[in-house]
Amino acid sequence: MKHLPLPVFSLFVIALPLILSNNYYLMALNIAALNVVIVIGLNLLMGYAGQISLGHAAFFGLGAYLSAILTTTCGFPVWPTIPAAMAITAVVAYLIGIPTLKLEGHYLVMATLGFNVIVYIVMIQLSAVTGGPSGFAGIPRLQIGGFAFDSDLKIYYLFWAVAILVLILSLNLIHSRAGRAMAALSHNEIAARCTGIDTETYKVKIFVISAALASLAGSLYAHYISFISPGSFSIFFSLQAVTMVLVGGMGSVWGSLFGAILLSLLPEVLHSVKEYNVLVYGFILMAVLMFFPRGLFPAGRSFCIAMIRKKT
Amino acid sequence: MISPADPHMDTAVLEAKNITVRFEGLEALSRLSFAISPRRIVSIIGPNGAGKTTLLNAITGVYPIHAGEILFQGKSISGLKPFQIAALGITRSFQQAQLFMNMTVLENVMVGMHSRTTSGFFKGMLRLPSERKEERIISAQSRDILDEFGLISKAADMAGHISILDQRRLEIARAMAARPKILLLDEPAAGLTIREMEAMADLILGLREKGQTIILVEHNMRLVMAISDHLIVLHHGVKIGEGRPEDIQKNRQVIEAYLGKKV
């Protein structure tokens, strides 16, 4: 029972393209898979380290631009560049995390917010390297040997394999010693410290892992779309990622998956209401946060459990 | 467990030398010295604001010490962080049980074993065989501890859903899971009924029987007098008396400062 959701979800992901005729939906689902990677990483930070990052768009952007520059400008091969970009992003996150996470309170929010603004400005101003406001084009596509990920369908299976892998690793993590330590420090930091948990180091590690996951999504994004511009990496995307965590449910890995998919696809569904779509989108968010403050996924699960108990 | 050759057998396991803790100029503890012998229940008593909980916080590194030093097994632990002190072998309970309410009873005890185990992020994510093995071992050991504390039937319950007495028990179980050299208990009987208090007294005495060194902060004098081997009396952050319970009851200064109101 405990291990059932994962294979069921995986089968659903594998089967879904068979019933989807439209390539446009595939593209939306591909972006959703990348959002899942970012949001699960961000939720480890928010739900387990009790810290908020408003700079995940910047880490996402670092991954994308590092991939773009290293492969296109410097001529490095694509696959080794992705972990290299993750490593560089991790170092940057470490340098931000060390001074801010040692302080009590929410200094990380301010630091990451500022960082995102700086990264955004650099992307625009350093046009010789980044292409400036008009963006960076001609980023090589992903391929393995002779096999090119040249269609949305191939990318779909690659991205969702990555997303499900991140999901599995995160589920493993939260049920391990490190995961329990994270849950402990998010719930009661003093008690966690007096139980022998090095809370400062844990927070920094989670932040670094979280940033590296955003970088991974950024690299994949760059090699998929093959064109990137600063607009995708502004503070607004950081806010969107935080919203996805909140809607899905803080501290719930499955909730992050759910929240990321829902909010990635919602704008596509809302195209039918045309000019009102932003209004409806905002209204749905407000309703969710007002009526399900713990997030949709935990609320839905409690509801299902209650229904099952009623029947038996 | 402790061989006769153990150098700490009868010497102090914990020693405070002239420790002073200040809060914005006020001395919560001033030039306090004492020594704790192993395998005893040593109670810290005194009126409200005497500095009892401050002392526990100073020992566990939650509050910094401004002067003096604390020696644990002969080595200074002043300036160490709480997690380092816990890992060395000093764990505690809190005045109001500080459990991890977002976890089960079993998981709370498993967290208590944190400093005795090693698996990190990488092993946890990949479920490496060594990590699986460690999980199995600490899960089994945690069940044994829950059994010992009479909580095994509640292993899968959320920590917030068990009774106050059980929460207190669980907090002590979590602290004991680290196999501490010294267990600090901060008012373990506060808010308990008389019957529950007796159960708590039995539990604490049971731990001492097994050789556990315990430092107890407790308001309830009946409990303190019944189970303590040694008392340290604080008043306004200063030690005003020390000795066996029966001696303390006769100490005039102590009676005036503290017991006087009741006797």
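In the text below, chain A, chain B and the rest are named by the order of the sequence lines, each starting its count at 1.
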**Study point:** Atom pair CD1 (Ile190(A)) and CG (Asn57(B)), whose distance is rounded to the nearest 0.5 Å
**Key:** 8.0 Å

Review point. Is it the backbone or the side chain of Glu171(B) that comes under 4.5 Å from a heavy atom of chain A, or both, or neither?
Key: neither

Check your understanding: What are the two closest non-hydrogen atoms of Ala86(B) and Arg193(A), and how far apart are they?
Key -> CB-O, 4.2 Å

Review point. Is chain B contacted by the side chain of Ile174(A), its backbone, both, or neither, given a heavy-atom distance below 4.5 Å?
Key: neither

Practice item. Considering non-hydrogen atoms only, spot the tightest contact between Ala184(A) and Met103(B) and give its length. Key: N-CE, 3.3 Å

Practice item. Name the member of Gly179(A), Ala192(A), Ser170(A) that forms the most heavy-atom pairs with chain B at distances under 4.5 Å. Key: Ala192(A)

Practice item. Could you tell me whether Arg208(B) atom CZ has more than 12 heavy atoms of other residues or ligands within 6.0 Å of it? Key: yes

Exercise for review: Using side-chain contact (heavy atoms from CB on, under 4.5 Å) as the criterion, point out the one residue from Val166(A), Leu171(A), Leu169(A) that pairs with Met125(B).
Suggested key: Leu169(A)

Exercise for review: Check each atom of Phe94(B) against the heavy atoms of chain A and say whether the ones under 4.5 Å are side chain, backbone, both or neither.
Suggested key: side chain

**Study point:** Polar side-chain atom of His187(A) near backbone of Met101(B) as donor-acceptor pair, under 3.5 Å
**Key:** yes

Exercise for review: Go through the atoms of Arg116(B) and report whether side chain, backbone, both or neither lie under 4.5 Å from a heavy atom of chain A.
Suggested key: neither

Check your understanding: Is it the case that more than 12 heavy atoms not belonging to Gln96(B) sit under 6.0 Å from its CD atom?
Key -> no

Exercise for review: Give, as side chain, backbone, both or neither, the part of Glu135(B) having an atom under 4.5 angstrom from any heavy atom of chain A.
Suggested key: side chain

Check your understanding: Would one find more than 12 heavy atoms of other residues, nucleotides or ligands at under 6.0 Å from atom OH of Tyr107(A)?
Key -> no

**Study point:** CZ-CG distance between Arg132(B) and Asn172(A), expressed to the nearest 0.5 angstrom
**Key:** 7.0 Å

Review point. Which value, rounded to the nearest 0.5 Å, describes the distance between Thr195(A) atom OG1 and Met113(B) atom CE?
Key: 12.5 Å

Review point. Are Thr91(B) and Cys194(A) close enough that some pair of their side-chain heavy atoms sits under 4.5 Å apart?
Key: no

Point to revise | Ile138(B), part contacting chain A, at a heavy-atom distance under 4.5 Å | key: side chain

Practice item. Using a cut-off of 6.0 Å, state whether more than 12 heavy atoms not belonging to Phe9(A) lie near its atom CZ. Key: yes

**Study point:** Segment of Thr118(B) engaging chain A (4.5 angstrom heavy-atom cut-off)
**Key:** backbone

Check your understanding: What distance do Leu44(A) atom CG and Phe121(B) atom CZ have between them, rounded to the nearest 0.5 Å?
Key -> 8.5 Å

Check your understanding: Is there side-chain contact between Ser176(A) and Glu131(B), with heavy atoms separated by less than 4.5 Å?
Key -> yes

**Study point:** Under 3.5 Å side-chain donor-acceptor pair for Ser119(B) and Arg177(A)
**Key:** no

Review point. Asp198(A) side chain to Phe83(B) main-chain N or O, any donor-acceptor pair under 3.5 Å?
Key: no

Point to revise | Which portion of Val111(B) sits near chain A, non-hydrogen atoms under 4.5 angstrom | key: both

Study note, to complete from the structure: Given Met110(B), Glu107(B), Arg92(B), the one with more heavy-atom pairs under 4.5 angstrom with chain A than any other is Met110(B)

